[in-house]
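Comments concern the structure below.
Just so you know, these numbers come straight off a predicted model, no measurement behind them. We count ligands from 1, going down the list as the structure has it; atoms in each ligand are counted the same way.
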Amino acid sequence: MHKALLVVDVQNDFYETGSLPVKDASRINPVINKTMEHRSYKAILASQDWHPANHESFAVNQGKEPFSTFDNGKGIGPVLWPVHCQQDTHGAEFHKDISTENFDYIVRKGTHPHVDSYSIFKENNGADLGIASLLKALDIYELDICGLALDYCVRYTVLDALLFGFKINLIINATKGVEAQKGDVKKTLEEFKKAGVRFKEV
Ligand code: VGL
Ligand code: ZN
């Protein structure tokens, strides 16, 4: 039985100067680098939000305000966002201070205009992205998870991972939330605790 590290969406648009900024996000970089250097992992996977310009999760493409709630029941929603992580833009690149040479796999998600994907495991319409099968084929059943944003992509990734039967450790000092609604981070951490997620500090 092996362990993997999942590094969620450490991309410029989710850092302090990006279009969908997470407060104090850059503080997690040294912790993530240190975690990766331990190299006790069978594999390190990084997700990369990777949207086309016409992505329907962008509020402007729906004629709505960013952060408005919206759900078309087909994979867009529950929230609409400012334009972020557009394919081949600076905002979609990994932060320059993250040691990306340690990534074994880079999983791009949210690549189709009609479907969003917060989780590295499943799209928002429930379609399986195949990552759970990949990990199990590598005899990986335990995951350390870190990255951005705690209350969206990390949250959905953790909840799906639990459904797929993985044991989950959240690296608590290597994740931060976007707080589209005040209190989202606190709510997420309580939900994780109830679901049996273990918290660890590096
Ligand atoms: C994310 C909102 C939209 C995230 C991605 O990485 O948490 N949040 N796309
Ligand atoms: Zn996105």
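Interatomic distance, Lys96 NZ to Tyr15 OH, rounded to the nearest 0.5 Å: 10.0 Å.
For His51 atom NE2 and Asp49 atom OD2, the angle they make at the Zn ion (ligand 2) is roughly 90°, to 10 degrees.
Aromatic rings of His2 and Tyr41 (six-membered ring for Trp) have centroids beyond the 6.0 Å cut-off, not under it. Between Phe94 and Phe103, the distance from one ring center to the other falls under 6.0 angstrom.
Of the protein's non-hydrogen atoms, the one nearest atom 2 (C) of ligand 1 is Trp81 CE2, 3.3 Å. For atom 6 (O) of ligand 1, the closest heavy atom belonging to the protein is Asp9 OD2, 2.6 Å. In this structure, atom 4 (C) of ligand 1 lies nearest to the protein heavy atom Cys153 SG, 2.8 Å.
The residue from Asp49, Val178, Leu150, Val79 that puts a heavy atom closest to atom 5 (C) of ligand 1 is Asp49. For atom 8 (N) of ligand 1, the nearest non-hydrogen atom from the set Tyr156, Tyr152, Phe58 comes from Tyr152.
Aromatic ring orientation, Trp81 versus Tyr118: perpendicular (interplanar angle above 60°, classes split at 30° and 60°).
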Residue pair His38, Ser40: steps toward the side chain to side chain donor-acceptor pair (under 3.5 Å) verdict = CA-CA 6 Å; His38 288 164; Ser40 61; 5.8 Å; no

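At least one heavy atom of His84 sits closer than 4.0 Å to an atom of ligand 1.
One side chain, Asn33 or Ser99, offers a donor N or O that lies under 3.5 Å from an acceptor on the other. Side-chain atoms of Thr188 and Asp151 form no donor-acceptor pair, as typed in the model, at a separation below 3.5 Å.
Sorting the N, O or S atoms of His84 by how far they are from the Zn ion (ligand 2) puts NE2 first.
Contacts with ligand 1 closer than 4.0 Å are made by backbone heavy atoms (N, CA, C, O) of Leu148 only, the side chain lying farther away.
Of the polar atoms of Ala149, at least one N or O is found under 3.5 Å from an N or O of ligand 1, judged by distance alone.
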